[in-house]
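Note sheet for the following structure.
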Amino acid sequence: MSAILARAGATAAGGLRSGGDVRRRRNMVAIVAATTTTGAGPAVPKEGSLERPAWSGETPLSRLVGALIAFKPLYSLMKLASREVIIRTAEKSNVPWRELTKQVLESDVYEVFDRIRDLNLVYPDYYLNPFHAYDEGNLSWLAAAEAEPATMSIAKRAIPDAGSIEEANQIVRGNWLNAIEEHHLKYSGNCQINDILDIGCSVGVSTRYLAEKFPSARTVGLDLSPYFLAVAAHKEEKLSRQNPIRWVHANGEATGLPSNSFDLVSLAYVCHECPARAITGLVNEAFRLLRPGGTIALTDNSPKSKVLQELSPVLFTLMKSTEPFLDEYYMLDLEETMRQAGFVNVHSILTDPRHRTVTATVPF
């Protein structure tokens, strides 16, 4: 773990643009050090005293929150409050939420939509539920337009002492990418990462990080939302890459892609939005798609995060009101689910104070 944290520091410091001044570079290194070390040397982010938050599962507190959410008039107010908290918190962290949303909604992204959508795709029932205070869930232009600022906010919440969104992202994404790279180097039997699949890629933020980390690889971003994929493809059209990212509108549980065709399958911040049966389906499909020696990497909320276990009642109630499958995610033994699918070398680490990265290998 100490090697990953050290490498993350190098990734974070190196991720600054050449125009950044020396003082910003020093600040970045200081932030990484403060996040990952103590006076005695390298240290991982803190775990809580419980296996999972007391506000999840079948605890009395969880049942109380569930009863509040089930009361529809109150639920409607909670959704609005949750949305306000998310946007206000983001803008306090200098995330230009409304500006970025407006840019997408006023662009020609709608033309991309028709090219990328698979009209024959049947959406699973759980995907038609409201998510993140959107009545249409991920199947709307507003959800797609707001996805990138919402994603930017994830890093700032994880690293609140970071001086900027860019710095927080370099730490969170740097730790995640280095965990993937170190696992693959250790267990893949020297197999190169030539083909990457990012399942649940949303508007392509995680996909672009993967493509930049492994520039010689062919990268595919796959998602159930054609709205999100249209935004991802529209943004990617403005970039120049050695290997352009390919975007696929499909169900991550049954992608239709060939077996044994990828060396890395990533799911970033996907599983907490899925019921347990869907998570199992995603893991099984990833096993089918990966070549022997291939790596699966899932990063998401950690049930053992001290920060998440100690959230205030207001915050965890608002969180659960917009995440219908959060309890199922926290109650599922993800590592065992991966082993049952056939994966070996299953490892889970906190890569920042809120999130874990779980990696595993397809045996030879």
Side-chain angles (χ1 to χ4, degrees), residues 44-90 92-93 126-127 129-135 137-138 150-151 153-161 168 172 200 267-280 282 298-337 348-358:
V44 298
K46 292 182 179 179
E47 290 188 348
S49 58
L50 305 173
E51 283 298 304
R52 62 185 62 87
W55 44 263
S56 67
E58 294 300 321
T59 64
L61 179 58
S62 179
R63 286 196 292 270
L64 173 60
V65 174
L68 292 173
I69 293 171
F71 184 56
K72 289 187 177 180
L74 183 58
Y75 170 67
S76 297
L77 291 174
M78 290 166 67
K79 280 201 305 180
L80 291 173
S82 177
R83 180 173 171 76
E84 275 301 310
V85 167
I86 291 169
I87 295 175
R88 187 170 62 249
T89 302
K92 280 184 179 178
S93 299
Y126 73 85
Y127 199 71
N129 282 21
F131 281 114
H132 300 158
Y134 304 109
D135 290 338
N138 292 336
T151 300
S153 302
I154 290 174
K156 194 64 169 72
R157 286 199 301 270
I159 315 293
D161 293 332
V172 170
L267 294 98
Y269 311 108
V270 173
C271 291
H272 76 277
E273 296 183 357
C274 300
R277 59 185 167 83
I279 298 172
T280 300
L282 291 166
L298 297 89
T299 190
D300 215 313
N301 296 344
S302 172
K304 295 184 179 181
S305 160
K306 180 178 173 66
V307 173
L308 293 181
Q309 288 187 10
E310 296 179 357
L311 280 180
S312 71
V314 171
L315 288 179
F316 67 64
T317 301
L318 291 178
M319 180 189 295
K320 290 189 73 170
S321 73
T322 64
E323 301 282 3
F325 303 113
L326 204 57
D327 279 340
E328 290 195 46
Y329 167 72
Y330 281 126
M331 295 301 292
L332 180 70
D333 186 335
L334 184 57
E335 293 90 338
E336 182 59 26
T337 299
S348 178
I349 57 172
L350 282 174
T351 38
D352 66 60
R354 283 175 173 257
H355 305 113
R356 62 178 172 176
T357 297
V358 188

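Remember, predicted model here, so these are calculated numbers, not experimental data. Atom set for the values below is all heavy atoms of this structure, side chains included, hydrogens, waters and symmetry mates excluded.
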Query - side chain to side chain donor-acceptor pair (under 3.5 Å) against E323, all qualifying residues, sequence neighbours excluded - result: H132, H272
Query - D333: partners by side chain to side chain donor-acceptor pair (under 3.5 Å), with sequence neighbours left out - result: none
Query raised in the report: What salt bridge (Lys or Arg N to Asp or Glu O under 4.0 Å) pairs are there with at least one residue in residues 268-277, not counting sequence neighbours?
Result: D125-R277
Query raised in the report: Which residue pairs satisfy the salt bridge (Lys or Arg N to Asp or Glu O under 4.0 Å) criterion with at least one member in residues 48-72, sequence neighbours excluded?
Result: E51-K304
Reported [atom1]-to-[atom2] distance for the pair [X] and [Y], which is rounded to 0.5 angstrom:
{"X": "D352", "Y": "T299", "atom1": "CG", "atom2": "OG1", "result": "7.0 Å"}
{"X": "S76", "Y": "D135", "atom1": "OG", "atom2": "CG", "result": "8.0 Å"}
{"X": "E47", "Y": "I349", "atom1": "CD", "atom2": "CD1", "result": "11.0 Å"}

Looking only at non-hydrogen atoms, find the nearest pair between [X] and [Y] and report the distance.
{"X": "P303", "Y": "P53", "answer": "O-CD, 3.4 Å"}
{"X": "P45", "Y": "L350", "answer": "O-CD1, 3.4 Å"}
{"X": "T322", "Y": "S82", "answer": "CG2-OG, 3.3 Å"}
{"X": "A276", "Y": "E328", "answer": "N-OE1, 2.8 Å"}

Heavy-atom check, side chain of [X] versus side chain of [Y], under 4.5 Å:
{"X": "S312", "Y": "T317", "answer": "no"}
{"X": "Y329", "Y": "C274", "answer": "no"}
{"X": "N129", "Y": "F325", "answer": "yes"}

Query raised in the report: Ignoring hydrogens and geometry, is there a side-chain-to-backbone donor-acceptor pair from T337 to T280 under 3.5 Å?
Result: no
Query - Test item: D300 side-chain N/O and C271 main-chain N/O as donor-acceptor pair under 3.5 Å - result: yes
Who pairs with [X] by side-chain contact (heavy atoms from CB on, under 4.5 Å), at least two apart in sequence or on another chain?
{"X": "L50", "value": "A54, Q309"}
{"X": "S153", "value": "A90, V95, W97, R157"}
{"X": "S305", "value": "S302, V307, L308"}
{"X": "V358", "value": "L334, E335, M338, V346, S348, R356"}

Query raised in the report: Looking at residues at least two apart in the chain, or sitting in another chain, which of them share a salt bridge (Lys or Arg N to Asp or Glu O under 4.0 Å) with R88?
Result: none
Query raised in the report: What residues form a salt bridge (Lys or Arg N to Asp or Glu O under 4.0 Å) with K320, not counting sequence neighbours?
Result: D327
Report summary line: With sequence neighbours left out, the residues meeting ring pair (Phe, Tyr, Trp, His ring centres under 6.0 Å) with F316 are W55
Requested in this report: Mind checking ring pair (Phe, Tyr, Trp, His ring centres under 6.0 Å) for Y269 and listing every partner two or more places apart, or none if nothing turns up?
Outcome: H355
**Report entry** Audit row: V172, I154, side-chain contact (heavy atoms from CB on, under 4.5 Å) steps and yes/no
**Finding:** CA-CA 9 Å; V172 170; I154 290 174; 5.6 Å; no
